[in-house]
Amino acid sequence: MSQSRIDRRTFTAAACASLASNGIAAPRADDKALVAITLDLEMSRNFPTWETTHWDYEKGNLNAETKAYAVEAARRVKARGGHIHFFLLGRTLEQENVDWLKALVAEGHRIGNHTYDHVNIRATRREDIQFRFQRAPWLIAGHQPAETIRDNIRLTTEAMKSRLGIAPVGFRTPGGFANGLTDREDLQKMLLDLGFTWVSSKYPGHKLQNAREGEAPVEPISDVIDSIAAATEEAQPFKYSTGLVEVPMSPISDIGAFRTGRWKLDWFLRAIRAGVERAIDRRAAFDFLGHPSCLYITDPQFKTIDLICDLAERAGQRAALVDLGTLAQRAANAISR
């Protein structure tokens, strides 16, 4: 097996028997649902206006609105007893003032490595690594893609140690992949070699009605919402054969909804509610993926953040707000039992 599955919550007798046959203990009935709120600190094309595309070349040059949204989201989540897990681009640490990031760390929020320039770590050609290097190819001239990608990750770790005084807590790939890194053992080993024990790279597929150019967005039908909620089953932590733990992102992300689908906020909230409630019912994991650079435009009143906190709070002892490290630890423990 290339990966070991854990934390499924559709535990029929057959499912438990299947887990046992692979040497994996089925999750205990008293396990809580683990709900994480994760925010990628990067600029997003099409926001704040649909015509905005220059962020592709300066993903880490965060504007004031994005930083302010991240700080307020963190305040709200901590007030509800949780912490946000942020993922940071190294280039952001070139900005003059990083006191806001230091304050997030001091408040107990986690910050992981998201590469220096938002590079595609699966790229095998120089032109596919990042828009910045298409415009300025001399920055990576003479380097193979694998070397460029590794350095982009390593430099971010060094930048975090230098400017924030911390090592990154985990690694998230720019972009999510339907199969994570299952078919890229070389990348798994590279991340382990760089000191990471877990990665967040998998984003399960699901149905989505894409908005066509020039046409009004289409409200998602029940079948689409059901598909998104069902994808929670495919977004459970597991361990690759190399020992690297995968902590998937749970659909639907804000970018998937507001850029790809051109959704309205109410539609997004309905899908998030369905996914979180499904995870809570099954004592499973849910990893919300958001981007302050998108949400400050699409959800300025923090309704998504508040909804997730509300659902976890109402679940009482059945759920907890946690960081991704806790999800990764559950995977490691479940496999070792």
Side-chain angles (χ1 to χ4, degrees), residues 35-59 62-63 65-66 68-70 72-73 76 84 87 118 120 131 172-178 200 202-235 248-279 286-311:
V35 180
I37 297 175
T38 64
L39 297 179
D40 290 359
L41 298 174
E42 63 190 56
M43 298 309 296
S44 304
R45 69 149 54 201
N46 304 128
F47 302 99
T49 66
W50 196 254
E51 297 72 29
T52 302
T53 59
H54 70 274
W55 297 127
D56 286 343
Y57 302 91
E58 47 180 323
K59 297 284 287 183
L62 303 184
N63 62 12
E65 294 86 349
T66 295
Y69 196 96
E72 174 59 16
R76 287 170 178 256
I84 290 181
F87 288 92
H118 202 261
N120 173 13
F131 290 102
R172 170 167 282 166
T173 60
F177 313 108
S200 181
K202 181 175 180 177
Y203 182 84
H206 57 82
K207 294 181 180 179
L208 181 64
Q209 296 155 279
N210 294 355
R212 297 180 180 178
E213 188 70 28
E215 295 185 3
V218 179
E219 182 173 359
I221 60 176
S222 296
D223 192 41
V224 171
I225 298 297
D226 290 344
S227 173
I228 291 169
T232 300
E233 307 295 336
E234 292 297 322
M249 298 159 262
S250 301
I252 185 173
S253 74
D254 54 351
I255 295 298
F258 297 117
R259 177 195 288 162
T260 306
R262 305 289 293 272
W263 282 11
K264 296 180 179 180
L265 177 58
D266 286 347
W267 306 346
F268 183 58
L269 294 175
R270 179 149 49 99
I272 294 300
R273 175 184 291 274
V276 174
E277 288 182 341
R278 189 180 184 104
F286 188 90
D287 171 15
F288 170 70
L289 167 61
H291 301 75
S293 57
C294 168
L295 291 172
Y296 87 82
I297 297 297
T298 59
D299 184 13
Q301 294 181 323
F302 300 87
K303 290 184 178 180
T304 307
I305 299 295
D306 290 346
L307 171 64
I308 296 171
C309 291
D310 286 344
L311 293 171

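Positions are given from 1 along the sequence. Note that the structure is a prediction, hence the values are computed from the model and not measured.
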Engineer: Between W50 and R262, is a side-chain contact (heavy atoms from CB on, under 4.5 Å) present by the stated rule, with each step listed?
Structural biologist: CA-CA 10 Å; W50 196 254; R262 305 289 293 272; 3.1 Å; yes
Engineer: Looking only at side chains, do T66 and N63 share a donor and an acceptor under 3.5 Å apart?
Structural biologist: yes
Engineer: Quick one: NE2 on H206 to CD1 on I225, what's the gap to the nearest 0.5 Å?
Structural biologist: 10.0 Å
Engineer: With a 4.5 Å limit on heavy-atom distance, are the side chains of L289 and D40 in contact?
Structural biologist: yes
Engineer: Given side chains that start at C-beta, do those of T49 and I297 come closer than 4.5 Å, heavy atoms only?
Structural biologist: no
Engineer: Find out whether L208 and W263 are in side-chain contact, i.e. whether some heavy atom of one side chain is under 4.5 Å from a heavy atom of the other.
Structural biologist: yes
Engineer: Work out which heavy atom in L265 is nearest to a heavy atom in T298; give both atom names and the distance.
Structural biologist: CD2-O, 3.8 Å
Engineer: Taking the side chain as every heavy atom from C-beta outward, state whether Y69 and S293 have any pair of such atoms under 4.5 Å apart.
Structural biologist: no
Engineer: Would you call the rings of F288 and F268 parallel, tilted or perpendicular if under 30° counts as parallel and over 60° as perpendicular?
Structural biologist: tilted
Engineer: Applying the side chain to side chain contact (heavy atoms under 4.5 Å, CB included) criterion to E234, which one of S250, P204, P248, P251 satisfies it?
Structural biologist: P204
Engineer: Which heavy atom in D287 sits nearest to a heavy atom in M249, and how many Å separate them?
Structural biologist: OD2-CA, 3.5 Å
Engineer: Does E72 reach the side chain of Y296, with side-chain heavy atoms less than 4.5 Å apart?
Structural biologist: no
Engineer: Atom OG1 of T38 and atom CD1 of I84: how far apart are they, to the nearest 0.5 Å?
Structural biologist: 9.0 Å
Engineer: Once rounded to the nearest 0.5 Å, what's the spacing between atom CG of D254 and atom CG of D299?
Structural biologist: 9.0 Å
Engineer: Taking the side chain as everything from C-beta on, heavy atoms only, tell me whether N120 gets closer than 4.5 Å to F177.
Structural biologist: yes
Engineer: Just do the side-chain contact (heavy atoms from CB on, under 4.5 Å) check on L39 and L295 with the steps written out, would you?
Structural biologist: CA-CA 10 Å; L39 297 179; L295 291 172; 4.2 Å; yes
Engineer: Atom NE2 of H118 and atom CE of M43: how far apart are they, to the nearest 0.5 Å?
Structural biologist: 12.0 Å
Engineer: Write down the atom of W55, the atom of S44, and the distance for their closest heavy-atom approach.
Structural biologist: CD1-O, 3.3 Å
Engineer: Between E219 and R270, is there a side-chain N and carboxylate O pair less than 4.0 Å apart?
Structural biologist: yes
Engineer: Given side chains that start at C-beta, do those of I37 and R76 come closer than 4.5 Å, heavy atoms only?
Structural biologist: no
Engineer: What pair of heavy atoms forms the shortest contact from Q301 to D306, and how long is it?
Structural biologist: O-OD2, 4.1 Å
Engineer: If I take atom OG1 from residue T52 and atom CZ from residue R45, how far apart are they, to the nearest 0.5 angstrom?
Structural biologist: 10.0 Å
Engineer: Which heavy atom of G261 sits nearest a heavy atom of P217, and at what distance?
Structural biologist: O-CB, 3.8 Å
Engineer: So P220 and W267, do their side chains get closer than 4.5 Å, heavy atoms only?
Structural biologist: yes
Engineer: Out of curiosity, I252 CD1 to I228 CD1, how far, rounded to the nearest 0.5 Å?
Structural biologist: 4.0 Å
